[in-house]
Amino acid sequence: MSMTTIAPEQVNSIVWNQHNDPFEILGSHPIEQDGKTVWAVRAYLPNASAAWVVLPEQRKEYPMQTVHHPHFFECTIDTPELANYQLRIKEGEHERVTYDPYAFRSPNLTDFDLHLFSEGNHHRIYEKLGAHPTVIGGVKGVYFAVWAPNARNVSLLGDFNLWDGRKHQMRKGPTGVWELFIPEIGVGEHYKYEIKNFEGHIYEKSDPYGFQQEPRPKTASIVTDLDSYSWDDESWMEKRRHTDPLTQPVSVYEVHLGSWLHASSAEPAKLPNGETEPVVIVSELKPGARFLTYRELADRLIPYIKELGYTHIEMLPIAEHPFDGSWGYQVTGYYAPTSRFGTPEDFMYFVDKCHQNDIGVIVDWVPGHFPKDGHGLAFFDGSHLYEHADPRKGEHKEWGTLVFNYGRHEVSNFLAANALFWFDKYHIDGIRVDAVASMLYNDYCRKPGEWLPNKYGGRENLEAADFLRQVNHIIFSYFPGILSIAEESTSWPMVSWPTYTGGLGFNLKWDMGWMHDMLDYFSMDPWFRQFHQNNITFSMWYNHTENFMLALSHDEVVHGKSNIIGKMPGDTWQKLANIRCLFSYMFAHPGKKTMFMSMEFGQWSEWNAWADLEWHLLQHEGHQQLKTFFRELNHLYRSEPVLYTQDFAEPGFEWIDCSDNRHSVVSFIRRDKDSDDFAIVVCNFTPQPHSHYRIGVPQKGFYTELFNSDARQYGGSNMGNLGGKWTDDWSSHSRPYSLDLCLPPLGVLILKLDKKKTAEMMG
């Protein structure tokens, strides 16, 4: 066969990896030769000493020759059609037969895909970019696509090519997306992108859309099929679609999976088939310790949460991150659940088991910033692609991280699709968006001169606000019944209002003001609380401006702040009583609830991300009783609609008396949405008990004492009202009837009218 016509500079552009469309040169090409059309086949095969084109159907081989370069092989073949040919390659003493990647020219991305991505509206772009096992022309392989518009060249690196960037050079499309189909590889392949800028600098990057990464400190992405898991949560998902979570009980157990509990490295983790996987020692943990896997956590954590009665689990970020000490808040793999605890399928199993046990799953999501690690998004294609180039907009110096450029459509698309991705592929039930204030304000943690105003001269980040509206609009459009929770610490208006009203579109916002007021109040000596009654009552002045979630999170038990029990004044008995009083008030107060792990049994030490929780404390009666208190408080909360159906409606709450600062006592009414049921809540925030304390109530009858935080089984003094009280026909607090109550020390009472008993006694 004669040689093909090709210029030496074209060959060199391939050899030196300087061509942005290697398909123009490599692969099969029809050419005119001797008055007829024949096929030219060209291949660049580093390390090869000889090569042949193989036509399996014709059972023919054609030797390839090297004219322009010792590893640039070419030949011509006289045949009407040339499809699915193979290359037989001799490398040293070894030979292999493989399909030519450059024979598969059909792109997986359509013009419409690229158009939507360019305008920031491709909601499921993760089904196109990244690595996807697929079949082209009857041949199985993996299709790769990555957005790197400012790169000079992009190549694939992997086990399949011995991490040699010369072997699989990618093609650049008109919108800066590079793509290549590699035949005969599949799930489990490790890979990265080798990216060169126009100065020739090389960057080895993990896949921004990669679905799995190697366990750190390694950083390669892993080809994964996310559609192979068989879910068993159809009833949960269907029920969620038709349920408004704002009218349901939401009691969230916030957990850091890496420090809730560890296993011994001598105890291998179990694989789904019953075999054991190799133990990965985690150097930061105590000697001999390892992380629990997602499947082990399903076996241990889910029953624990179910026993305690929480409705949801919220996990600190589980997207891939390189440094354990960041707690997951410095993400490099936004589309990959961290491999510390297992595979994507293992995480699906965990979520599935949560749903089968009627537990919702919330994940912390971090779209506000990302780290500078070399394999991540920073300076991705040799330019400031995902981040702003100007550090006055693009860097959080206090955190050592970079800020996303929300005004760039492809970047906002990357993040918005990522939020949808976790609901779509992993069936999660909510996101808690971290550090929203850092996104909304250009001057967040920046000194004068270190930030840039918006186009109107203000400090607000208008692009970030638009991005958050976009995210919430998308996820609620696809998945009604979910939660989107903002950790937003300022007075930005309408955070939890719908986007069509001009709001940011979240349906819940953490009430940071309530949290600060409560911790300030409960940390002071009870005698001084009479001068700070406003701490207790102020939250109701603004309660209906947003849909609030009351949260006592991990941030309140680290960095020298002490754990909850350590914040409380008095001896051990008073500290535990203060905890019961605080959380009883929290669960009776309007708003959904979140509390961090270890608070439920009164851990003394601050949270340590490298160690187990102090489970040994549960051998002591006081800590075991506190755990019992939380279990019964959760079950009461879930069983009484008066405590949750009208958290965000004015009829759901009414003060009886909020001005008795002399005794540090407040009392109020909680009302149900769908019935005329109501509960009376009375809180005594001092160790001084009160007998004959009179509370006005709206109806006559017998009021059952549903809950008493001072009960003996919780470790209290067991002062109370013998199960309940009849009303007196004495008006009080502008109400026609009243109750003569005994208020226990540092205690909260919840009473409810017993309609049946009242009707029987009153005839």
Side-chain angles (χ1 to χ4, degrees), residues 252-265 281-292 296-297 300-301 304-305 307-308 310 313-317 323-329 340-341 364 515-516 518-525 550-584 586 593-631 633-634 714-715 746:
V252 180
Y253 186 80
E254 186 191 31
V255 62
H256 176 251
L257 295 183
S259 58
W260 183 75
L261 182 68
H262 298 111
S264 167
S265 59
I281 301 297
V282 185
S283 59
E284 295 89 345
L285 302 181
K286 61 186 178 183
R290 67 167 177 84
F291 292 132
L292 295 178
E296 290 172 327
L297 286 161
R300 302 189 191 188
L301 177 57
Y304 182 79
I305 293 174
E307 175 203 357
L308 287 174
Y310 293 95
I313 177 176
E314 177 190 325
M315 291 170 284
L316 272 62
F323 178 46
D324 294 352
S326 76
W327 309 337
Y329 288 99
R340 287 167 176 80
F341 315 121
D364 276 16
M515 180 270 293
H516 286 295
M518 289 303 100
L519 294 182
D520 287 347
Y521 184 83
F522 276 90
S523 65
M524 66 180 69
D525 186 287
L550 311 181
L552 292 170
S553 73
H554 65 279
D555 284 325
E556 310 317 315
V557 293
V558 290
H559 303 320
K561 297 178 183 178
S562 175
N563 214 309
I564 290 293
I565 194 170
K567 301 177 192 291
M568 302 299 170
D571 58 21
T572 300
W573 187 93
Q574 289 194 17
K575 288 178 182 291
L576 291 169
N578 268 299
I579 290 177
R580 297 193 302 271
C581 189
L582 166 61
F583 282 97
S584 297
M586 174 183 179
K593 331 296 178 186
T594 292
M595 58 176 287
F596 187 55
M597 65 183 192
S598 81
M599 294 180 184
E600 76 276 10
F601 61 82
Q603 176 164 310
W604 285 91
S605 298
E606 287 189 347
W607 169 49
N608 179 355
W610 313 112
D612 289 349
L613 301 185
E614 295 181 335
W615 296 110
H616 65 275
L617 292 176
L618 286 171
Q619 66 186 308
H620 302 295
E621 185 179 29
H623 295 278
Q624 186 64 246
Q625 289 171 328
L626 186 61
K627 181 184 170 187
T628 299
F629 159 82
F630 275 103
R631 181 179 69 243
L633 180 62
N634 267 312
Y714 310 145
L746 294 169

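Only this structure's heavy atoms are used, side chains among them; waters, hydrogens and symmetry mates stay out.
With rounding to the nearest 0.5 Å, the separation of CE in Met524 from CZ in Phe522 is 10.5 Å. Between Phe596 atom CZ and Asp555 atom CG the span is 9.0 Å, to the nearest 0.5 Å. Considering CG of Leu550 and CE of Met515, their distance stands at 11.0 Å, rounded to 0.5 Å. Note that the NZ atom of Lys567 and the OG atom of Ser562 stand 5.5 Å from one another [nearest 0.5 Å]. Once rounded to the nearest 0.5 Å, the distance linking CG of Leu633 with OG1 of Thr628 reads 12.0 Å.
In this structure, the side chains of Asn578 and Leu582 stay at 4.5 Å or more apart for every pair of heavy atoms. When side chains are defined from C-beta on, Leu626 counts as touching Arg580, because their heavy atoms get closer than 4.5 Å. Two residues are said to be in side-chain contact when any heavy atoms from C-beta on lie closer than 4.5 Å; Met599 and Val557 meet this criterion.
Here the side chain of Gln625 pairs no donor or acceptor atom with the backbone of His623 at under 3.5 angstrom. Asn563 contributes no side-chain N or O that, together with a main-chain N or O of Ile565, makes up a donor-acceptor pair within less than 3.5 Å. Between the side chain of Arg340 and the backbone N or O of Phe291, no donor-acceptor pair lies under 3.5 Å. Between the Glu606 side chain and the Gly560 main chain, a donor and an acceptor come within less than 3.5 Å of each other. Side-chain atoms of Lys593 come within 3.5 Å of backbone atoms of Met586 as a donor-acceptor pair (strictly under, hydrogens ignored). Glu254 places a side-chain N or O within donor-acceptor distance of the main-chain N or O of His554, the cut-off being under 3.5 Å. Side chain of Lys575 to backbone of Met568: a donor-acceptor contact under 3.5 angstrom is found. When atom types are taken as modelled, the side chain of Gln619 and the backbone of His616 share a donor-acceptor pair closer than 3.5 angstrom.
The shortest non-hydrogen separation linking Gly328 to Pro317 is O-CB, 2.9 Å. Taking both residues in full, the closest heavy atoms of Gln603 and Leu617 are given as CA-CD1, 3.7 Å, listed atom of the first, atom of the second, then distance. Minimum interatomic distance between Met597 and His256 (heavy atoms only, all atoms of both residues): SD-N, 3.6 Å.
Of the candidates Trp607, Trp327, Trp610, Ser259 forms a side-chain hydrogen bond (donor to acceptor under 3.5 Å, both in side chains) with just one, namely Trp607. With Leu297 as the fixed residue, the side-chain contact (heavy atoms from CB on, under 4.5 Å) test singles out one of Leu261, Ile313, Val255, Leu257: Leu257.
For Phe583, the ring-ring contact (aromatic ring centres under 6.0 Å, His included) partners two or more places apart in sequence, or in a different chain, are Phe630. For Tyr521, the ring-ring contact (aromatic ring centres under 6.0 Å, His included) partners at least two apart in sequence or on another chain are Phe685. Residues that satisfy the salt bridge (Lys or Arg N to Asp or Glu O under 4.0 Å) test with Glu314, not counting sequence neighbours, are Arg432. Not counting sequence neighbours, the partners of Lys627 by the salt bridge (Lys or Arg N to Asp or Glu O under 4.0 Å) test are Glu307. With sequence neighbours left out, Trp615 forms a ring-ring contact (aromatic ring centres under 6.0 Å, His included) with Trp260, Tyr304, Phe601. In this structure Ser605 satisfies the side-chain hydrogen bond (donor to acceptor under 3.5 Å, both in side chains) test together with Glu614, sequence neighbours excluded.
For Trp604 and His620, the gap between ring centers reaches or exceeds 6.0 Å.
For Glu621, the CD atom sits in a loose shell: 12 or fewer heavy atoms of surrounding residues, nucleotides or ligands are nearer than 6.0 Å.
Under the 3.5 Å distance criterion, with hydrogens and angles disregarded, a donor-acceptor pair is assigned to the side chains of Glu600 and Tyr253.
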